[in-house]
Amino acid sequence: MLDSKVVELLNDQINKEMYSAYLYLDFSNYFSQVGLDGFANWYMIQAQEERDHAMLFYQYLQNNSEKVTLKAIAQPDVALTDTMTVLKAGLKHEMYVTDLINTIYSAAYDVKDFRTMQFLDWFIKEQGEEETNANDMITKMELFGSDAKGLYMLNSELGARVYAAPSLVL
Ligand code: FEO
């Protein structure tokens with residue numbers, strides 16, 4: 001049995017990760033529409049990773065005999081006006097998710113739930129990587145995005161991203 005507050009937060013995180021997938025699917029759709037297929041590929045893979053994250057929370061609750069309650073996924077509400085706006089919204093969203101993970105970790109810490117803390121360690125590290133990736137995209141866009149050749153190269157680089165399953169296995 002896990003602490004009820006910890007369970008509630010873990011359950012909510014399934015929804016937040018599914019929303020993240022939805023948000024990045026929206027980003028991918030935007031980039032497809034404006035012809036930046038590499039950016040679209042990058043966010044399509046990001047959406048897959050977010051679904052993986054949701055499933056890890058789902059599986060962790062099930063492995064601990066806790067009930068999963070699936071809630072409605074909100075409509076993405078970021079105004080997709082231009083590339084930099086989208087990239088900055090991605091970074092802002094990842095910082096928000098980091099806060100969510102930290103909140104769950106803190107709740108687990110309060111009740112000495114070492115099992116959940118150990119489970120969350122992977123996500124703590126992952127969020128560091130997610131924020132770095134989002135920051136790097138913004139930096140590269142600032143450096144190269146205003147030039148057509150630079151944007152073409154950046155789009156090609158992002159188009160080379162391939163999906164990899166999460167390293168955390170439950
Ligand atoms: Fe699942 Fe991008 O955090």
Side-chain angles (χ1 to χ4, degrees), residues 2 6-32 36 38-64 66 68-80 83-109 113 115-141 154 157-170:
L2 300 177
V6 172
V7 169
E8 185 187 335
L9 291 171
L10 288 167
N11 193 85
D12 282 350
Q13 195 61 28
I14 298 172
N15 187 271
K16 303 293 186 187
E17 300 289 348
M18 291 302 275
Y19 173 78
S20 300
Y22 227 40
L23 181 69
Y24 293 140
L25 207 53
D26 205 31
F27 287 9
S28 183
N29 181 46
Y30 167 78
F31 285 120
S32 280
L36 289 169
F39 284 75
N41 171 68
W42 199 92
Y43 279 109
M44 181 65 80
I45 290 169
Q46 194 63 23
Q48 177 60 48
E49 282 200 359
E50 300 300 353
R51 286 195 289 276
D52 291 341
H53 295 170
M55 291 311 296
L56 287 167
F57 284 98
Y58 175 96
Q59 192 65 54
Y60 180 74
L61 284 171
Q62 287 204 338
N63 286 359
N64 284 279
E66 297 290 351
V68 169
T69 305
L70 297 176
K71 299 177 181 173
I73 302 166
Q75 181 178 7
D77 59 353
V78 174
L80 307 175
T83 300
M84 191 57 95
T85 300
V86 176
L87 299 187
K88 286 187 173 170
L91 175 60
K92 187 173 167 214
H93 183 70
E94 286 306 327
M95 290 167 70
Y96 165 67
V97 174
T98 297
D99 279 346
L100 294 173
I101 300 290
N102 288 345
T103 297
I104 310 172
Y105 201 102
S106 179
Y109 178 86
D113 179 356
R115 188 190 307 162
T116 298
M117 288 161 66
Q118 190 179 50
F119 164 69
L120 290 173
D121 280 343
W122 185 86
F123 286 92
I124 300 279
K125 187 163 175 282
E126 175 74 5
Q127 281 312 120
E129 290 172 11
E130 299 269 61
E131 287 187 28
T132 299
N133 289 340
N135 252 318
D136 285 353
M137 300 256 286
I138 291 169
T139 302
K140 285 180 180 176
M141 189 65 199
L154 184 53
E157 180 188 320
L158 297 176
R161 184 183 185 187
V162 291
Y163 169 73
S167 54
L168 178 63
V169 178
L170 295 180

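Note that these values count all heavy atoms, side chains included, but never hydrogens, waters or copies made by symmetry. Ligands are counted one by one from 1 in listed order, and the atoms in each one are counted from 1 as well.
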Worksheet, complete the sentence: Looking at H53, the N/O/S atom that lies nearest to atom 1 (Fe) of ligand 1 is called ND1
Worksheet item: Which is the closest N/O/S atom of E130 when seen from atom 2 (Fe) of ligand 1?
Response: OE2
Worksheet item: Quick check: does E50 have an N/O/S atom under 2.8 Å of atom 2 (Fe) of ligand 1?
Response: yes
Item to complete: Please find out if atom 1 (Fe) of ligand 1 and some N, O or S atom of E126 are separated by less than 2.8 Å.
Response: no
Item to complete: For the residue pair F123 and F57, categorise the inter-ring angle as parallel (less than 30°), tilted (30 to 60°) or perpendicular (more than 60°).
Response: tilted
Discussion item. Does the plane of the ring in Y24 sit parallel, tilted or perpendicular to the ring in F27? Use 30° and 60° as the thresholds.
Written reply: perpendicular
Worksheet item: Got a donor-acceptor contact below 3.5 angstrom from the S106 side chain to the N102 backbone?
Response: no
Discussion item. Report whether any nitrogen, oxygen or sulfur of E49 sits less than 2.8 Å from atom 1 (Fe) of ligand 1 (N, O or S, backbone or side chain).
Written reply: no
Fill in: Among the N, O or S atoms of E17, the one nearest atom 1 (Fe) of ligand 1
OE1
Practice prompt. To the nearest 0.5 Å, tell me how far M84 CE sits from M137 CE.
Written response: 10.5 Å
Worksheet item: Taking all non-hydrogen atoms of both residues, which atom of A54 and which atom of I14 are closest, and how far apart?
Response: CB-O, 3.7 Å
